[in-house]
Structures are given as structure tokens and as C-alpha cells.
Amino acid sequence: MKTYKIYISTSVIATMALITSCEDFLEKIPQNNLSVDSYFKSENDYKLYTDGFYTAFNDWTGNMSGGSCFYDFRSDLIGYGASKSGNRRYPELSNATLMTAASRSASLYWDYTSIRSAYTLLDNIDNIELNATSKNLYMGTAYYLLAYRYFVMFRSYESVPIVRKVLEIAESDVASSPKEEVFAEALSHINKAIELLPSLGPTERERGRLTKLVALTLKTDMLLYTAGYYNEAMSGAKFSDAAIAAQAAVTEARNKGYGLSNDYNSLFIADEQSGAEPQKEIIFEYVRLKDVATHNFSFYGWGPHVPISNLGWGDFSTTQECVDMYECTDGLPISKSKLYTPEKPWDNRDPRFGLTTLYPGSLCTTTDGQKWRYNSLNEYAYDSDGNLTNILNVNYVKETVNAIDVSPTGYINIKYWDRYNGSGGGYTSFIIYRFGELLLMYAEALLESGGSTDEIRSALTELRARVGMPAVTIATNPTTESLRALIRNERVVELLGEDKRYWDLKRWHLFEERLNIKQYSMYITKTFNPDGTPATYLDKLTVPVSVDGAKTVEFEIPNGANGGEVVNTLNFPGGKYWVWPIPETAINASTTKALKQNPLWQ
């Protein structure tokens, strides 16, 4: 049983966040909460209250209890075919026929408690005299909360109720507003947040706190999504608007000292995230500190267990298709690069591959320096010297003894893994926005708005240079189509495991294409067809089994000669499933029946 604990304590704050409204269909309120009249008596009250907002700024972690979002792991490039038990809900979104108004997934983004909390703060901001800096910070935080919550509900449900104050009982049933108005509501709030939040650099801010740059980045995200998904038909959301917002965010970032970390890997390792280089890149994060969060959330154990019984969650298994999206170090896809060798398929690849994915023969190092080799191609484990132990390797791709945590594809995504051996981990902070993603948003917004292709190539080159990948030039990417393909590929290899892919597929209108595919276990392409698709495959592969790499063993690839085995079949039927249904619990709680289900779902 995994348990969870967040950095920002919300015991008193969360209670106060529920104090001001009545029982309505939006949220049912406990009756034993504190009165507003007994709160907001000192500046510290305002600080504590707005601290409580931070749990609602990111659903990546906000819904971990009882099942989490992890949308990358509900999309097309992560297989969830393992027999992992528990209460996670991945199939409900990738296999959309399971998405219903009664499902738990339908309620993931439905949240009016946060909206009520924001208005409680705004209604009481003048209770005492605050200095301008503090007042702007608290108000800016409230407006950011409103913008974020309305945006994520708009993105999921489109038309939802708009509430602009703390409601009384008689006015508590509210009908949904048109999606255009919901988007405009979110946009108006983020503009206010941009005006009010402090302009701070990475060395000035408190880690994990809102700044003007965070708000500018959210605005860019909002506009890019809306312009794309609605084909620029939504007022105020053209690609040119997204490009202006992205330029403003990039300018603010550079002026305040943000940029790319010189170490990609350190961004996602708990013991290194607080360093100057990661903090230079991280724009906004959900902070979890060692002394507070230890042992409370661990994606995976990382130690050299024999048998390796605690390696990870099989849900997070990278597909071969995803692996093959990582170019060779010459900047060419494996189907075109002379550096690709089927017998050593993971050599000479974009370094982000090895930093993001475990593959047979991967050398793993714990925080205390112990090393071991990962191997999913044999049912028996090997010791550090490469000697067969005759102990079952429960990470074997075909293992049936303890299949809960086995990767069905033979690969495992390792971003945010705890590199500890045994106990002591579980405090990795989760990044919401970082400069690397901002560069990609900037490049995409420029491209889709007809902006400077030189600027686009420059942004992409800057991002790729961090890991030693070749520059993007007119010769390598001469057309809009080739730049678009590269940007989309870079969003995979740069951001895999950061909760972006699901919404990328939606705004690019690719659900029907990408969520109706078969996912296969490991296969290694031997030769390619003229169009770059696999023609023939290897049936065996030699990988290192000793820590020093000197000892290698040849293993069979399960059904490798035939291109692997089907581990999962995605099923997205289209139609109404592009929009989530309003949760059944919300509709049932509407006593006057003002709230009605989305017409697509009636």
C-alpha cells in the first residue's frame, strides 16, 4: 500500500477553505467548519489561507489519493497491460468506452471548492490593512487559482457553471455556461494574476511558489491548447495570441535568469532538484521535501534486489514505438541513421532516452553508489558479476509468478524514480512547468501563427543542444511540416512522463488516430521498409549482465522475430468521448435540476 504526503500542510488551511458556502450541487460542505468572522485577523491568516491553495494547482498530484491522473500513462506511448492491482484508472481514459458520468475519472477535474476558496479570500482581502506587496500576492494567488481551475474544467468538460462569488443557499444551483464564456472567465483571471504576482527570478523566489512567470506560462498553455483544439474559432485564442503570450513568458524568464539546466537528469532526482541548475529551469513545481515527504510517495524502489521484487509499476511501461522516437545522435531517426545497429539498438541514441527509460542492460546506480543491471529478457536474475543466480527475476517480461510490477513491454519509464536502495526515498518534487517546455510552446505557437522560422529553429536547437543533439537548420527541417513533426517528436522525448501527452493528442486532434492502436512488447527492428516502417526483426539480443559490462549473454526476445506481442489494445470511439461528461454526483446534487448533462452525453 502506497501512501502520500504533500509538502504544504493543509490541516487548518483546508478547513478554512470550506467555511463560507452553503450546501449546493457544486460541493457539499461540512457543517463543523470555522466561521469567516473568526479568521482573517492577521496577515499570517492570509498567508496560511493562500498556502492552502497550492494543493489545487496541479491535478498531476492532487488526485493521487485513490488513483491519480498520470495522463502520459493513459495515452498511446505508455502500455498499461501489466496486471497491477489497485485503484488506478488508466483504462478509463485510453479506452474511452469506459468513461461515463458515473466513473471516478469523470470527476477528476470537477472542483468548485477551490473556486469558493478563492472568492472567500478576495471577499475578505480588506479585512485588515495589508502592504501592497502582500495584498497583490494574495490576490494574485487567488486569481491564478480561479484561472487554473476554470481552464482545466473547460479543457475536460467545456461547458460548466461559472461562479463569481460565495453562494447563498437560494442561489446555489447554477446552470452551465457556454464554453466560450468559461474560457473567457479563465483568461480574464490569468490576466489579473499576471498583473499582481511578483516578478522574481529562481534565486529570489521561494521554491514552488507562484510568480509572474508561472502565470505567463499558464496563459501560454491555455491559449495554445484552445487555439489548437478549437481551430482558432474561440474568441481571444488564436495562435498569434499564443505566440504573443509565449514571447512574453520567454522574455520574462530570460530577464529574470531562468534558462535550461545543464543537467537534464537532475531535474527529476529528489536529491538534486534543489540545486541551482535545476532551479534555474523549473518554473513551477509541486514541492515535496525530504524531511516532510520521505517514505510517503515512492514511484518505485531502485535498489539491486535479488530477486528484484520492487523495481516499479508495470503501468509505466514505455512502448517500443515510443523508444523508436528517440533519434540517433546524428539527429536522424533510426530508420535513416547509419549509427543505428540492431545488435546494439540503444547505443548512439538521444541521451534523453537512457535518462528516461530502463532497457535490458541498463546500468542503474543508487543514491548510495550501488550499481546493478536491469534485464527484462530472462526469467532468472544475475548478480553484479554477471553470474546466473537461478533466482526468479520478477521483472522478466514474461514473468507470471509475480506479474503485478512487471513491465509488459520490457521497458520502464524512470522519470521521477527514487534512486535510493531500500528506504529513504519518496520525496521527489513534481514539475508543473519548466523552461524546456516553455521553449517548445514558444516554437509551436510561432510555427502555427506563421512566425519566424529562424526563431523556431533557434528555440529547438537550444533545447536539443543541452543533451548534445544536433542543431535544427534549414537543411534538416526546411518546411512547416517537418518543423511541426519535429516539435511534436520533441514534446515526446523531452517531456515524456510529465503529464503532457494526453492533452497534446487532444489539441492536435489525434485521439482517433493514436488511441485506436495496438501496443506491443519489445521488438528490435532489423531492416526497414522504404517508408521507414519495420520490415524484419531480431529474435535474440546480446546484453551486458555484469556491472562492469564485461560479461554479456544472448537472450531471446519474446516473440521478437514477429514484432513482439500485443500487450494492450486501445479503443477510442470518437464522438462524445472527446468531451468528458459532467460527473453524475454533481448532477444528482442539483436540487433544482439547473445543472444538466452535456448534450453529447444526454
Side-chain angles (χ1 to χ4, degrees), residues 73 75-84 90-91 94-95 311 314-328 333-349 353 357-362 374-380 392-413 492 496 513-545 552-572:
F73 309 109
S75 62
D76 57 332
L77 298 176
I78 300 291
Y80 51 77
S83 57
K84 181 72 178 180
Y90 311 136
S94 288
N95 285 16
L311 182 62
D315 323 47
F316 295 76
S317 52
T318 311
T319 63
Q320 185 69 53
E321 182 181 11
C322 182
V323 170
D324 289 349
M325 294 176 75
Y326 289 85
E327 299 171 341
C328 289
I334 61 172
S335 61
K336 296 180 180 179
S337 175
K338 294 180 180 179
L339 297 178
Y340 175 72
T341 305
E343 291 72 23
K344 294 183 178 181
W346 306 299
D347 288 358
N348 304 313
R349 300 291 281 274
F353 168 65
T357 306
L358 272 190
Y359 56 90
S362 293
Y374 170 70
N375 180 20
S376 59
L377 290 180
N378 192 56
E379 60 185 314
Y380 293 104
L392 283 177
N393 169 18
V394 297
N395 295 289
Y396 175 46
V397 66
K398 299 286 287 183
E399 177 60 49
T400 58
V401 176
N402 180 20
I404 283 181
D405 287 322
V406 172
S407 164
T409 68
Y411 299 101
I412 298 182
N413 179 278
V492 172
L496 184 70
E513 176 183 332
R514 297 300 309 163
L515 297 185
N516 281 308
I517 63 172
K518 287 181 169 54
Q519 296 175 321
Y520 292 87
S521 64
M522 182 182 296
Y523 58 82
I524 306 300
T525 303
K526 186 176 181 180
T527 61
F528 296 89
N529 294 312
D531 64 356
T533 57
T536 61
Y537 309 90
L538 292 182
D539 59 352
K540 296 179 180 180
L541 193 65
T542 299
V543 299
V545 293
T552 60
V553 178
E554 184 180 65
F555 300 106
E556 290 188 2
I557 303 171
N559 204 36
N562 297 314
E565 298 178 342
V566 176
V567 297
N568 194 46
T569 300
L570 303 180
N571 174 27
F572 181 79

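We're numbering straight along the sequence, starting at 1. What you are looking at is a predicted structure, and each value in this text was computed from that prediction instead of being measured.
- Counting only heavy atoms from C-beta outward, the side chains of W346 and T357 never approach each other to under 4.5 Å.
- Atom OG1 of residue T318 and atom CG of residue L77 lie 9.0 Å apart, to the nearest 0.5 angstrom.
- Between M522 and L377, the closest side-chain pair of non-hydrogen atoms falls below 4.5 Å.
- Atoms CD and CG, from E327 and L339 in turn, are 11.5 Å apart once rounded to the nearest 0.5 Å.
- For the atom pair CD of Q519 and CG of N568, the computed distance is 5.0 Å after rounding to the nearest 0.5 Å.
- With rounding to the nearest 0.5 Å, the separation of OH in Y411 from CD1 in I78 is 12.5 Å.
- The two residues L570 and S75 have their closest heavy-atom pair at CD1-O, 3.9 Å.
- Nearest approach of Y374 to G410, heavy atoms of both residues: OH-O, 3.3 Å.
- To the nearest 0.5 Å, atom OG1 of residue T525 and atom CG of residue L538 are 8.5 Å apart.
- Annotation: the span from F555 atom CZ to S376 atom OG amounts to 10.0 Å, rounded to 0.5 Å.
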Exercise for review: Before giving the answer on side chain to side chain contact (heavy atoms under 4.5 Å, CB included), spell out for I334 and R349 the whole-Å C-alpha distance, their side-chain angles and the decisive distance to 0.1 Å.
Suggested key: CA-CA 9 Å; I334 61 172; R349 300 291 281 274; 3.5 Å; yes
Review point. Would T542 and E343 count as a side chain to side chain contact (heavy atoms under 4.5 Å, CB included) if you check the C-alpha gap in whole Å, the side-chain angles of each, and the deciding distance to 0.1 Å?
Key: CA-CA 7 Å; T542 299; E343 291 72 23; over 6 Å; no
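- The minimum heavy-atom distance between C322 and L496, with the atom names listed, is SG-CD2, 3.8 Å.
- Using cut-offs of 30° and 60° for the angle between ring planes, the Y537 and Y523 rings count as perpendicular.
- Pairing each heavy atom of N375 with each of P360, the nearest pair is OD1-CB, 4.0 Å.
- With hydrogens and angles disregarded, a donor-acceptor distance shorter than 3.5 Å links the side chain of N529 to the backbone of P534.
- P342 and L541 get closest at one heavy-atom pair: O-CD1, 3.7 Å.
- Between the side chain of N393 and the main chain of N378, a donor-acceptor pair closer than 3.5 Å is present.
- Contact check on E556 versus K398 returns no salt bridge, with no Lys/Arg side-chain nitrogen under 4.0 Å from an Asp/Glu carboxylate oxygen.
- Side chains of T409 and T319: a donor-acceptor N/O pair is absent below 3.5 angstrom, by distance only.
- The closest side-chain heavy-atom distance from N559 to S521 is not below 4.5 Å.
- The closest donor-acceptor contact from the side chain of D76 to the backbone of L515 lies at 3.5 Å or more, if one exists at all.
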Review point. Can you list the steps and then say if Y359 with V543 is a side chain to side chain contact (heavy atoms under 4.5 Å, CB included)?
Key: CA-CA 10 Å; Y359 56 90; V543 299; over 6 Å; no
**Study point:** side chain to side chain contact (heavy atoms under 4.5 Å, CB included) evaluation trace for Y520 with V566
**Key:** CA-CA 4 Å; Y520 292 87; V566 176; 3.4 Å; yes
